[in-house]
Amino acid sequence: MVTVKPPITEDKPVSVIMEDTEEDLETLRHSTAHIMAQAVTHLYPNVKLGIGPCIENGFYYDFDLDQTLSHEDLKKIESEMKHIIGSNEPFVRAEIPKDEALKKMEVLGQPYKVELIKDIDDEKVSFYTQGDFMDLCRGPHIQRTGKVKAFKLLSVAGAYWRGKETNPMLQRIYGTAFTQKDALENYLKLLEEAKKRDHRKLGKDLDLFSFQEECGAGLVLWHPKAGRIRTIIEDFWRKEHYKRGYEVVYTPHIAKLDLWKTSGHWNFYRESMFSPLDIEGQEYLLKPMNCPFAILMYKSQLRSYRDLPFRWAELGTVYRYERTGVLHGLLRVRGFTQDDAHIFCTPDQFESEVISVIDLAQFMLTSFGFKEYEIELSVRGKGEKEKYIGGDATWELAEGALQQALERKHLSYTLGEGEAKFYGPAIDIKVKDALGRGWQGPTIQVDFNLPERFDANFIGSDGKEHRVVMIHRTVLGAMERFLGCLIEHYTGSFPLWLAPLQIRVIPVTDNHAEYALGVKQRLENDGLRVDCNTINAKIGYKVREGIIEKIPYILIVGDKEVKEGTVSVRSRKKGDEGSYSLEHFLERIKQEIAAKE
RNA sequence: GCUGCUGUGGCUCAGUGGUAGAGCACGUCCUUGGUAAGGACGAGGUCAUGGGUUCAAAUCCCAUCAGCAGCUCCA
């Protein structure tokens, strides 16, 4: 494909032949955005243009229009785009002195472009023109509009000008483009597939959880099947924590306002907290975090360096006020249970503690089948120190310590500036949902500040008081979000060890019901989760029900099985597998459970 | 919170200014059927909630609640 690129050395445009690469696709999409803007300008001459970049899977362009765009309008815009593509106009690059460009955009009534040009730190600015449409743009672009072979406009949504909440809201049209028609179709199919994996849909279909209007937004009702999964996760979680020297603690859901003032939450986290409750004239707050309780517990007696580290784990349910628009199924809720823990240690122990938490987080993610995740080192943002508690020295120390732990583990990570918590930097691990959106799961946060605010110390070997180091961490994140990610990860087909119902026994006729119930009993005696479908229906029907419910194993028993003392096995993975003795089957699934497959 | 869209029986959805429909699911009965839907009959909805317009509203308007896409936020 050929692209029109900005000049490399000389003051004139050059064309460069390129392979069909990712960069190439970006150029195509960016050019398609320009064509869309041209089409919109044709249809709505008064439009004020914002910006129109390419993004991960396509492009968008922001428009300021008097009327709101509907899906019907998208179709009109699409057909106008097809005209423009059909006319096969060339993209022509031109450089204009900045002041001239400013005048031009003012005359054209394009205030957003004026603003953009003013921010450009150069004497000249570049424009690209195709046909009757000219747009401020750095480039590069494809050679002619006719090169666009496959595109589709996907949605309209509001977006603040330059991403600032105080700026006017523009209408953003999202679209995508590919070099080949089948690539576009594949992408659209992929989106359809992703919809089927959506945990909100599967949660309903598989009767896992619900939200009820009467209950409130962002408050999860865990139905029995999800309850079962959660119990399995929690049991596993507890076992693994005890193995690693953790103790399990429990703390209340509310505490006096003063506690939250001391901890700093009242000053730094108030907008995420629900309003105080009045209890006998005292103000109490619903907890948004578990940490102040842990530190109170720590302070309940004098601590010696000989006792450290303390590793106190807690499945702590917290409540955070989230604005209505940000709620998202199980992935962003208002009440959730963190698989929290607070580690109190000496400065010397800090690094090895962080490393073992990283190990535990990796072990947990691997156990639940997550192979891909991103690690981010979340540090303070530049020039916004007022958002954080604590002095520069402690922050730098903490940030450096986390970074060192990551490097010691040879883990690749990205740096998230301004992503730190208000009380300290963190290592955040993100897991992706069906649509590839990242959600924070495990997190390891250093806190040199709470110990200071609560004056939490230990007696060192020198007999003097020293400030204790506190680590907050989760290795799953929150139970709600984790379940949501699990559902999408497995498309609702949970591995045997997690499946709420592992096995269903189906008798061929009423005559085999007794045998079927016996099989069920036998399997239940071995701790398996089994039911037996004795309803009056043909087995094809019952098998279908079992498949839709994504049950890992369906056992069919009829005359043959009764006579031979066997079960006919239908697995979710392989389908009909023929008959096995019950003992053989038991052996097999016990192995599968142990392997967490 | 902001922009736009949506809200009809358990689920998926159709429908129109004159007092509601389909399929699936559910119940009863017939059928006893070997690996993705056997048949008959039946029950089930104040069309999210509260106002307003109208002779008349589930259908139009407003507000609230809830959901969806995105922005912002969060992380």
Side-chain angles (χ1 to χ4, degrees), chain A residues 55 60 62-65 67-71 73-74 154-174 191 195 198 200-201 204-207 210-219 269 271-272 288 320-329 331-334 376 378 416 418-422 426-431 435 437-443 445 474 477-478 481 504 506-513 534-549 554-561 568-571 575-579:
Chain A
I55 50 173
Y60 68 78
D62 289 342
F63 305 101
D64 190 347
L65 284 163
Q67 63 191 114
T68 60
L69 296 169
S70 65
H71 254 89
D73 296 321
L74 289 193
L154 298 170
S155 59
V156 209
Y160 300 110
W161 167 239
R162 297 194 137 183
K164 273 191 74 174
E165 210 171 352
T166 47
N167 280 345
M169 186 165 261
L170 311 180
Q171 296 185 66
R172 174 172 297 177
I173 303 178
Y174 286 92
L191 288 183
K195 264 189 207 161
D198 193 311
R200 292 166 299 183
K201 177 176 165 44
K204 202 177 270 181
D205 292 349
L206 300 176
D207 191 20
S210 66
F211 296 91
Q212 305 285 333
E213 205 175 320
E214 296 91 324
C215 179
L219 302 169
Y269 206 69
E271 60 182 36
S272 295
R320 295 182 186 172
Y321 167 71
E322 301 279 6
R323 300 209 279 182
T324 51
V326 308
L327 298 172
H328 186 92
L331 300 180
R332 187 87 180 264
V333 291
R334 283 182 172 160
E376 185 176 274
S378 299
E419 306 286 316
K421 315 325 174 220
F422 73 83
I427 292 170
D428 292 321
I429 300 180
K430 292 179 186 186
V431 178
L435 284 172
R437 293 175 289 209
W439 297 89
Q440 190 195 295
T443 178
Q445 308 167 2
T474 66
R481 179 175 284 184
R504 169 165 294 163
I506 300 178
V508 174
T509 75
D510 292 351
N511 301 328
H512 314 110
T534 55
I535 64 159
N536 179 3
K538 287 196 178 182
I539 69 159
Y541 184 85
K542 295 200 233 182
V543 165
R544 179 170 188 271
E545 276 187 329
I547 291 169
I548 289 170
E549 289 175 50
I554 295 170
L555 302 181
I556 290 146
V557 293
D559 285 339
K560 182 166 163 267
E561 288 73 21
S568 172
V569 176
R570 185 188 179 93
S571 72
D576 189 353
E577 296 188 25
S579 291

Next on the checklist: Just to be sure I understand the rule, does A/Y174 reach a base, reach only the sugar-phosphate, or reach nothing, if contact means heavy atoms closer than 4.0 Å?
Outcome noted: sugar-phosphate
Checklist entry - Step by step, would you call A/K421 with A/D428 a side-chain contact (heavy atoms from CB on, under 4.5 Å)? => result CA-CA 11 Å; A/K421 315 325 174 220; A/D428 292 321; 3.0 Å; yes
Checklist entry - Expressed as a whole number of Å, how far does the P atom of B/G27 sit from that of B/G10? => result 15 Å
Item to check | 5' precedence on RNA chain B between A/E419 and A/K204 (nearest-nucleotide basis) | outcome: A/K204
Checklist entry - Does the side chain of A/R570 get closer than 4.0 angstrom to OP1 or OP2 of B/A36 through an N or O atom? => result yes
Detail all sub-3.5 Å separations between protein N/O atoms and N/O atoms belonging to nucleotides 37-39 of chain B.
unit_1 : atom_1 : unit_2 : atom_2 : d
B/A37  : N7     : A/R544 : NE     : 3.2
B/A37  : N7     : A/R544 : NH2    : 3.3
B/A37  : N6     : A/R544 : NH2    : 2.3
B/A37  : N1     : A/R544 : NH1    : 3.0
B/A37  : N1     : A/R544 : NH2    : 3.2
B/A37  : N3     : A/R544 : NH1    : 3.3

Next on the checklist: Under 4.0 Å, heavy atoms only, any strand: does A/D559 hit a base, just the sugar-phosphate, or nothing?
Outcome noted: base
Checklist outcome for this item: Per-residue pairing states of RNA chain B in dot-bracket (Watson-Crick or G-U under 3.5 Å; . unpaired, | other strand) read ((((((((.[[[[.).....]]]].(((((.......))))).....(((((.......))))))))))))....
Item to check | Separation of the P atoms in B/U46 and B/U3, to the nearest angstrom | outcome: 33 Å
Next on the checklist: Rounded to the nearest 0.5 Å, what separates atom CG in A/L170 from atom OH in A/Y160?
Outcome noted: 11.0 Å
Checklist entry - Just checking A/R172: base, sugar-phosphate only, or nothing, at a heavy-atom cut-off of under 4.0 Å? => result sugar-phosphate
Next on the checklist: So A/G163, base contact, sugar-phosphate only, or nothing? Heavy-atom distance under 4.0 Å.
Outcome noted: sugar-phosphate
Item to check | Whole-Å C1' distance, B/A22 and B/U16 | outcome: 16 Å
Item to check | Those residues that, when tested against A/Y541, pass side-chain contact (heavy atoms from CB on, under 4.5 Å) (two or more places apart) | outcome: A/A537, A/E545
Item to check | Separation between the P atoms of B/G17 and B/U12, rounded to whole Å | outcome: 26 Å
Checklist outcome for this item: Per atom distances to the A/M169 side chain, the nearest of B/G34, B/U72, B/C2 is B/C2
Checklist outcome for this item: From the candidates B/C74, B/A69, B/G1, the one with an atom nearest any side-chain atom of A/R200 is B/A69
Item to check | A/L74 side, atom CG; A/L154 side, atom CG - distance, nearest 0.5 Å | outcome: 9.0 Å
Next on the checklist: Would you measure the distance from the C1' atom in B/G45 across to the matching atom in B/C11 and give it in whole Å?
Outcome noted: 14 Å
Checklist entry - Whole-Å distance between B/A69 P and A/L327 CG? => result 12 Å
Checklist outcome for this item: When rounded to whole Å, the CZ to C1' distance for the pair A/F211 and B/A66 reads 12 Å
Checklist entry - Are side-chain heavy atoms of A/W161 and A/D62 found at a separation under 4.5 Å? => result no
Checklist entry - Rounding to a whole Å, what distance do you find between A/K560:NZ and B/G33:C1'? => result 17 Å
Next on the checklist: Are the side chains of A/V508 and A/K560 in contact, using a 4.5 Å heavy-atom criterion?
Outcome noted: no
Next on the checklist: With a 3.5 Å cut-off and heavy atoms only, can you find an N or O donor on one side and an acceptor on the other between the side chain of A/Y321 and the base of B/G1?
Outcome noted: no
Item to check | Any A/K195 side-chain heavy atom under 4.5 Å of A/K201 side chain | outcome: no
Next on the checklist: Does A/H512 reach a base, just sugar-phosphate, or nothing at all? Heavy atoms under 4.0 Å.
Outcome noted: nothing
Checklist entry - If you check the A/A217 side chain, which of B/C71, B/G33, B/A66 turns out closest? => result B/A66
Checklist entry - A/G329 or A/T68: which one's nearest nucleotide on RNA chain B is closer to the 5' end? => result A/T68
Next on the checklist: Please report the distance separating the P of B/C65 from the corresponding atom of B/A25, rounded so that it comes out in whole Å.
Outcome noted: 37 Å
Item to check | Distance (rounded to the nearest 0.5 Å) between A/T534 OG1 and A/K542 NZ | outcome: 6.5 Å
Next on the checklist: If you apply the rule side-chain contact (heavy atoms from CB on, under 4.5 Å), what do you find for A/E561 with A/H512, and how did you get there?
Outcome noted: CA-CA 9 Å; A/E561 288 73 21; A/H512 314 110; over 6 Å; no
Checklist entry - B/C68 and B/G51: how far apart are their C1' atoms, nearest whole angstrom? => result 26 Å
Item to check | Note, A/I547 side chain near A/R570 side chain (heavy atom, < 4.5 Å) | outcome: yes
Checklist entry - Can a donor-acceptor pair under 3.5 Å be found between the side-chain atoms of A/R332 and the base atoms of B/C73? => result yes
Checklist entry - So, does the side chain of A/D510 form a donor-acceptor pair with the base of B/U32 at under 3.5 Å? => result yes
Next on the checklist: Using the C1' atom as the point on both nucleotides, what is the distance between B/U19 and B/G23, in whole Å?
Outcome noted: 25 Å
Checklist outcome for this item: In this structure, CD1 of A/I506 is separated from CD1 of A/I556 (nearest 0.5 Å) by 5.5 Å
Checklist entry - Does the pair A/R323/A/E165 count as a salt bridge with the N-to-O cut at 4.0 Å? => result yes
Next on the checklist: Any base atoms under 4.0 Å from A/E561, or only sugar-phosphate, or nothing? Heavy atoms, all strands.
Outcome noted: base
Next on the checklist: Can you measure A/Y60 atom OH to B/A69 atom C1' for me and round it to whole angstrom units?
Outcome noted: 15 Å
Next on the checklist: Once you apply a heavy-atom cut-off of 4.0 Å, does A/K430 come out as touching a base, just sugar-phosphate, or nothing?
Outcome noted: base
Checklist entry - For the side chain of A/E213, counting heavy atoms from C-beta on, which of B/C65, B/G34, B/G1 is nearest? => result B/C65
